[in-house]
Protein chains: 2
Amino acid sequence: MVVYAGQGDPERTLALLWRTTSDGPPRRGPKPALTVDAILEAAIAVADESGLDGLSMRAVGERLGRTAMALYTYVPTKRELVDLMYDHAHAGLVPDLPSGWRDAVEIWALAVHERYLRHPWLLQVSHARPVLGPHEQTVLEKLLEALPDVAVRATVSALFSLVRGSARTIAESRDAATGTGTSDQEWWTARSGLMSSLVPDFAERFPRSANLPPVEWDKAAHEAFTGGLTLLLDGLENQTRRRMSPKAR
Amino acid sequence: MVVYAGQGDPERTLALLWRTTSDGPPRRGPKPALTVDAILEAAIAVADESGLDGLSMRAVGERLGRTAMALYTYVPTKRELVDLMYDHAHAGLVPDLPSGWRDAVEIWALAVHERYLRHPWLLQVSHARPVLGPHEQTVLEKLLEALPDVAVRATVSALFSLVRGSARTIAESRDAATGTGTSDQEWWTARSGLMSSLVPDFAERFPRSANLPPVEWDKAAHEAFTGGLTLLLDGLENQTRRRMSPKAR
DNA sequence: TTTCAACTCCTTACGGCATAAGCTATTGTC
DNA sequence: GACAATAGCTTATGCCGTAAGGAGTTGAAA
């Protein structure tokens, strides 16, 4: 249920990602009625509406007035399609960043967070082996430009963990709400009613959990995100200061 | 491709989770040859081996010498089966924690991290609406016992983000390695060779990314995890100290 | 102008999935 | 011994990705 990146024919995928189509002599055969970009936009629209589960070749084809098989002329497999969608959805993500590194990183993180929330299916594409497309690469490059030269790798990983984790919680909560037709509130009261009758000794066995009042996950996740970000940047600032004045050690 | 928790008939699911089966008079009909626990263990074994993608009712049935349909006597749908698996896999996770809150939280986080790595499919079960089973509840309760009474909710969320994010990266990297038969190393060199021929101006367009040498994701993710954890706990310690001596404000 | 290769897009088909419907065989209660 | 309840089976439905191969379209070579 997670889609792994970059497992198809690497050359074909990379060529598609970077659009290195050497336009030689005019090609024979019927003019293509579609373009890779049109397919990507249709596919992204489908995924935005119905999630990665609802993304089928048939659904994408239908949105373009074609059959599923027509897409295979443009894209080798569904896996590569998802890779291309992933990179495409990262286009124009990062705004111009201010010169102070701390403000820059914060703005970067918020921009990425926002994009993930606009396309929640991005969170289901594995991060382990990067897709290596131009747009995702740009996002990383802009962060590296902003970061101070300290603990770069760990900072990058931790930042992505925080951004993705928070976005995931928020996206899933929203999705569950629309998907089931019950709000977090309704869901919670229904459950706690059932729980108290099914597990009458709950409050004794789990006193602290029972004391934790219900919460809007959306809001809590946002707070955890900004809070964690602040902590991380504080730590980074500490380290850079120590770097600048070594005698403080 | 993500499984959402708690969307089936809540009463039936909760009863299964908490095993509140009131054993009344002996039941008619053939003796059940299976138990819910046997099914859970078979299903978890399948998921450990082949991931949540490889988890099909047929596969679980086959492992028990039954057909897929036989399982539906014990478990309403596949979704509830995953909920039950999720809680089951949290059993006995948290060891006895030391009295100092900082050590306790660190040990807790490492234990959860380890469990996620043992059952990577856990990371694909949505965290948005908790499954509310006894074992997961115990994990949360133990953390709440350890935490100081400061920014509880934000700390809990941030901790889970870090633990899950890091575990996810590591698990996906391992999975990609075994799934494709190419190590991170091999994959990377193959890609960078292709990239330099397909995108010859890469180093000029992305100087900082190009300067970042390849890395073992496994190790980097571990460092990011412990690093982020340290930062978070530092921040928490700051806040508790401020709480204890208010004049320091 | 004819021929042909290259090309797009289609229909059909296969094996896999979750699970609904309905059957058979087994067991306890009357 | 009759009957109700239950376990586990077979079959069928409608999804999925995509392999195979055919039909129609176009540009270049003859």
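Numbers restart at 1 for each chain; the letters A, B, ... are given by sequence-line order, proteins then strands. The structure displayed is predicted, hence computed values, not measured ones.
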List the residues meeting side chain to side chain donor-acceptor pair (under 3.5 Å) with A:D37, not counting sequence neighbours, and say none if there are none. A:R19
Between P of C:dC9 and NZ of A:K31, the distance in whole Å: 12 Å
Nearest-0.5 Å distance, CG of residue A:L84 to CD1 of residue A:I39: 9.5 Å
Determine the sole option in B:L55, B:D53, B:D48, B:V82 for which the side chain to side chain contact (heavy atoms under 4.5 Å, CB included) test with B:W121 is passed. B:D48
Quick one, give me the B/S/- string for nucleotides 11-22 of chain D, reading 5' to 3', where B means a protein heavy atom under 4.0 Å from the base and S means that only happens at the primed atoms, P, OP1 or OP2. -----BBBBB--
Quick one about A:E141 and A:T138 (side-chain donor to acceptor, distance below 3.5 Å, no hydrogens or angles considered), yes or no? no
Between OH of B:Y74 and C1' of C:dT19 the distance, given in whole Å, is 18 Å
Check the orientation of A:H113 and A:F225. Use parallel for under 30°, tilted for 30 to 60°, and perpendicular for over 60°. parallel
Think A:T67 has a side-chain N or O under 4.0 angstrom from the OP1 or OP2 of C:dC10? yes
Restricting to side chain to side chain donor-acceptor pair (under 3.5 Å), what partner residues turn up for B:H222, sequence neighbours left out? none
Just by distance, do the side chain of B:S173 and the backbone of B:T169 share a donor-acceptor pair under 3.5 Å? no
Kindly calculate the angle separating the two end axes of the helix from C:dT1-D:dA30 to C:dC30-D:dG1, each obtained from five base pairs, and round it to 10 degrees. 30°
In whole angstrom, give the distance that lies between atom CZ of B:R66 and atom P of D:dA7. 12 Å
Whether the side chain of A:H119 engages the backbone of A:R115 through a donor-acceptor N/O pair (distance < 3.5 Å, no angle test) should be reported. no
Please determine if A:R164 forms a cation-pi arrangement with A:Y116, meaning its NZ or CZ atom is less than 6.0 Å from the six-membered ring centre and no more than 45° off the ring axis. yes
Salt bridge (charged side-chain N to carboxylate O under 4.0 Å, His left out) involving A:E49 - partner list, sequence neighbours excluded: A:R63
Might you list the N or O atoms of the protein lying below 3.5 Å from N or O atoms in nucleotides 2-5 of chain D, with each pair's distance?
unit_1, atom_1, unit_2, atom_2, d
D:dA4, O4', B:R28, NH1, 3.4

